[in-house]
Protein chains: 2
Amino acid sequence: MVDSKPTAPSRRSDATRAAILDAARERFAADGYERATIRAVARDAGIDPSMVMRYYGSKEGLFAAAVAVDLKLPDLGPLPREEVGSALVTHFLAVWEENEVLTALLRVGASNQAGAERMQGVFQDQLLPVAQQVCPDPEQIPARAALTATQMLGMALARYVLRFPPAVALSRQEIVAWLAPTVQRYLTAPNP
Amino acid sequence: MVDSKPTAPSRRSDATRAAILDAARERFAADGYERATIRAVARDAGIDPSMVMRYYGSKEGLFAAAVAVDLKLPDLGPLPREEVGSALVTHFLAVWEENEVLTALLRVGASNQAGAERMQGVFQDQLLPVAQQVCPDPEQIPARAALTATQMLGMALARYVLRFPPAVALSRQEIVAWLAPTVQRYLTAPNP
DNA sequence: CGCGTTCGCCAACGGTTGTTGACCAACGGT
DNA sequence: ACCGTTGGTCAACAACCGTTGGCGAACGCG
């Protein structure tokens with residue numbers, strides 16, 4: 001068991017590839033898709049712009065490779081029903097602040113079709129299944145998950161992208177205390 | 001009383017100026033700041049790109065002139081306290097769907113510093129005073145207004161920008177029914 | 001030690017962008 | 001009827017973008 005994963009070519013340029021992805025994430029998160037130039041990414045990574053093209057094919061390919069989001073949402077099954085809101089909000093805040101991938105995805109998704117579609121994919125593949133575990137009426141699952149997404153994305157937008165001072169000033173505990181009941185109601189309340 | 005406002009130069013080019021602003025709003029709303037080119041705006045307005053420069057100085061000046069937002073928020077004074085949430089959400093939905101200025105501002109604000117600052121201005125000048133009318137503790141007004149903004153902006157983001165299918169499928173009544181209690185609580189609930 | 005493969009840089013291409021200045025035509029007060 | 005002012009077009013500039021191909025150098029397997 002030398003390799004943990006079956007695909008491990010272990011090329012000599014892995015360090016460069018990783019540096020490119022790191023720089024790309026940072027640029028996309030700070031500038032959005034259009035203003036994040038390949039030249040700037042290459043400069044941050046300390047290499048030539050043509051290397052980015054060789055390793056990732058195009059700017060769109062670079063974006064696709066750089067913004068691979070895994071929300072690592074917890075299993076809500078063993079949790080008491082009245083704690084799912086608090087658990088989800090806490091988890092979202094932690095994931096959002098531990099790296100800048102989500103900020104990059106949100107910034108790009110707001111003015112780029114491919115970015116918006118990728119964000120839809122994250123919603124469908126990662127948030128919907130979790131909502132499925134706790135929603136009462138199966139038919140309402142997409143709507144309830146979407147409502148949850150509006151609250152979480154809205155907080156992320158105001159706090160990490162637009163940087164509204166009052167939203168930035170809130171502590172994590174305060175945010176959880178305010179948003180948890182909202183998410184809790186969106187997911188589990190019997191009535192609209 | 002020929003002129004309703006004191007400043008009414010009534011230039012011969014007013015029609016062109018208005019056409020430029022209309023086209024600019026549409027382009028900014030559809031494409032964001034960078035991809036909305038002056039050339040495309042001029043083409044939509046049926047004139048030469050250099051006219052845009054002469055009338056609005058620069059692309060940034062065009063954006064500043066095109067995205068002048070007036071939320072026309074209602075006076076919440078005479079309203080029963082338990083109806084402010086529903087009234088605000090209903091009003092927000094109406095304003096957001098009646099023209100594309102807010103979508104343009106949101107799209108641009110997500111990846112442009114000037115856009116984000118302008119959105120902060122709208123928040124401070126228009127939402128904060130309204131929150132002042134209904135918040136219990138004066139010290140909590142900015143935080144409560146910001147929480148309201150996160151929910152409204154999050155819904156706008158998911159519905160009008162990212163176009164999450166479940167968020168688009170919701171009717172206005174359903175949105176009001178779901179969001180009104182949230183906004184109501186953010187603004188008027190005594191306790192976090 | 002050879003030699004194919006990988007890594008990286010350099011220079012350039014075609015295209016697009018914001019922006020500018022010269023030039024023409026229609027207006028409108030005197 | 002004149003002529004300054006305004007509305008509008010055209011062509012071009014400099015800068016920047018994504019992208020490409022060629023060339024040298026370092027690697028690593030035989």
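Remember, predicted model here, so these are calculated numbers, not experimental data. Each chain gets a letter, A, B and so on, in the order its sequence line appears, and its residues count up from 1.
Thr37(A) is linked by a side chain to side chain donor-acceptor pair (under 3.5 Å) to nothing, counting only residues two or more places apart in sequence or in another chain. For the side-chain contact (heavy atoms from CB on, under 4.5 Å) test, residues two or more places apart in sequence or in another chain that qualify with Ala36(B) are Arg27(B), Phe28(B), Asp31(B). Taking Thr182(B) as the reference, Arg185(A), Tyr186(A) meet the side chain to side chain donor-acceptor pair (under 3.5 Å) condition, with sequence neighbours excluded. With sequence neighbours left out, Arg118(B) forms a salt bridge (Lys or Arg N to Asp or Glu O under 4.0 Å) with no residue at all. For Thr103(A), the side chain to side chain donor-acceptor pair (under 3.5 Å) partners are Trp96(A), not counting sequence neighbours.
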Show which side-chain atoms of residues 85-92 of chain A pair as donor or acceptor with protein atoms under 3.5 Å away, not counting sequence neighbours.
{"from": "Thr90(A)", "atom 1": "OG1", "to": "Ser86(A)", "atom 2": "O", "distance (Å)": "2.7"}
{"from": "His91(A)", "atom 1": "NE2", "to": "Leu71(A)", "atom 2": "O", "distance (Å)": "2.8"}
{"from": "His91(A)", "atom 1": "NE2", "to": "Lys72(A)", "atom 2": "O", "distance (Å)": "2.8"}

Scoring nucleotides 15-28 of chain C by protein non-hydrogen atoms under 4.0 Å (B base, S sugar-phosphate only, - none) yields --BBBBB-----S-

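Here the side chains of Val108(A) and Val67(A) are not in contact, with every heavy-atom distance at 4.5 Å or above. Side chains of Met155(A) and Gln151(B) form no contact here, defined as non-hydrogen atoms less than 4.5 Å apart. Residues Leu147(A) and Leu170(B) form a side-chain contact, since some pair of their non-hydrogen atoms from C-beta on lies under 4.5 Å apart.
For DNA chain D, the span of nucleotides reached by chain A at under 4.0 Å from its heavy atoms goes, 5' to 3', from dC17(D) to dG28(D).
Minimum interatomic distance between Ala110(A) and Ala110(B) (heavy atoms only, all atoms of both residues): CB-CB, 3.4 Å.
Screening residues 78-97 of chain A for salt bridge (charged side-chain N to carboxylate O under 4.0 Å, His left out), with sequence neighbours left out, gives Glu97(A)-Arg159(A), Glu97(A)-Arg172(A). The side-chain hydrogen bond (donor to acceptor under 3.5 Å, both in side chains) analysis of residues 121-132 of chain B, with sequence neighbours excluded, yields no pairs.
Only at 4.0 angstrom or more do the heavy atoms of residues 109-119 of chain B sit from any atom of DNA chain D, so none qualifies.
If you check every strand for non-hydrogen atoms under 4.0 Å, Tyr55(B) touches sugar and phosphate atoms only.
Consecutive Watson-Crick or G-U pairs involving DNA chain C, each under 3.5 Å on both distances, make up stems of three or more pairs at C:1-30 with D:1-30.
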